[in-house]
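These values consider heavy atoms only, across backbone and side chains, with no hydrogens, waters or symmetry-generated copies. Along the sequence shown, residues carry numbers from 1.
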Amino acid sequence: MEIIIDDELKKWLKEKGNHITIKKLIVNGCCAPGVQESIAVPGKPKNLNKFKQYKVEDIGVYIENSVSLNSEISLKLSGFGFFKSISIT
């Protein structure tokens, strides 16, 4: 798997501890089927047994086993100030 992290995100992750976690977010609704989305958050997961670990330069990338991604993923930082988020493409 090839993981591409943009330079701005690399810089931001260094301030946050050099780890990023990609996991599945499941949202269930009362009147509609649930939605599953992959999200990326800074930090290391609590239970490493449920994650595959990769290294991109000096950044630890943890991908939850239940997440299915393409053979290449690109991670980018968006937003500003306290409203920053990581997008997965």
Side-chain angles (χ1 to χ4, degrees):
M1 171 176 293
E2 183 177 3
I3 302 169
I4 302 166
I5 302 175
D6 87 338
D7 291 335
E8 189 177 343
L9 179 55
K10 287 178 190 175
K11 187 175 166 183
W12 188 66
L13 287 174
K14 286 182 182 179
E15 297 171 5
K16 303 288 183 188
N18 274 350
H19 299 285
I20 186 169
T21 299
I22 299 172
K23 58 186 176 179
K24 190 180 288 186
L25 174 67
I26 301 171
V27 179
N28 292 318
C30 65
C31 304
V35 176
Q36 295 182 7
E37 178 97 18
S38 295
I39 62 168
V41 293
K44 199 175 194 178
K46 292 178 184 176
N47 185 355
L48 294 176
N49 295 332
K50 296 180 180 181
F51 292 82
K52 293 177 222 153
Q53 184 177 357
Y54 299 91
K55 197 80 165 169
V56 177
E57 295 177 20
D58 58 342
I59 298 171
V61 180
Y62 301 88
I63 301 177
E64 190 174 36
N65 293 331
S66 63
V67 173
S68 60
L69 298 169
N70 297 328
S71 60
E72 177 182 300
I73 60 171
S74 179
L75 302 170
K76 295 182 181 180
L77 185 65
S78 59
F80 59 92
F82 293 109
F83 302 106
K84 291 185 179 179
S85 63
I86 303 166
S87 63
I88 305 170
T89 53

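- The backbone N or O of Leu77 lies less than 3.5 Å from no partner atom in the side chain of Glu8, so there is not a single donor-acceptor pair.
- Each of Ile22, Val61, Asn65 was checked for a side-chain contact (heavy atoms from CB on, under 4.5 Å) with Lys52, and the lone residue meeting it is Asn65.
- Between Gln53 and Leu48 there is no side-chain heavy-atom pair separated by less than 4.5 Å.
- Of the inter-residue distances, the one linking Phe82 atom CZ with Lys84 atom NZ reads 10.0 Å to the nearest 0.5 angstrom.
- Side-chain atoms of Thr21 never come within 3.5 Å of backbone atoms of Tyr62 as a donor-acceptor pair (strictly under, hydrogens ignored).
- Other residues, nucleotides and ligands place more than 12 heavy atoms under 6.0 Å from the CD atom of Glu72.
- Atom NZ of Lys76 is surrounded by 12 or fewer heavy atoms from other residues, nucleotides or ligands within 6.0 Å.
- The distance from atom CD of Glu57 to atom CG of Asn18, rounded to the nearest 0.5 Å, is 10.0 Å.
- With a 6.0 Å radius and a threshold of 12 heavy atoms from other residues, nucleotides or ligands, Lys55 has its NZ atom above the threshold.
- To the nearest 0.5 Å, the span separating OG on Ser74 from CG on Leu9 amounts to 9.5 Å.
- Taking the side chain as every heavy atom from C-beta outward, Leu75 and Ile88 approach each other to under 4.5 Å.
- Shown here for Lys44 and His19, the closest heavy-atom pair between the two residues is N-CB, 3.9 Å.
- Put simply, Met1 and Val56 are part of the same group of oily side chains (I, L, V, M, F, W, Y) that touch within less than 4.5 Å, one to the next.
- Phe51 and Ile86 are not part of a single hydrophobic cluster, where members link through side-chain heavy atoms under 4.5 Å apart.
- Rounding to the nearest 0.5 Å places CD1 of Ile63 at 4.0 Å from CD1 of Ile73.
- Here the OG atom belonging to Ser85 is positioned 11.0 Å from the CD1 atom belonging to Ile39, to the nearest 0.5 angstrom.
- At most 12 heavy atoms of other shown residues, nucleotides or ligands fall within 6.0 angstrom of atom NZ in Lys50.
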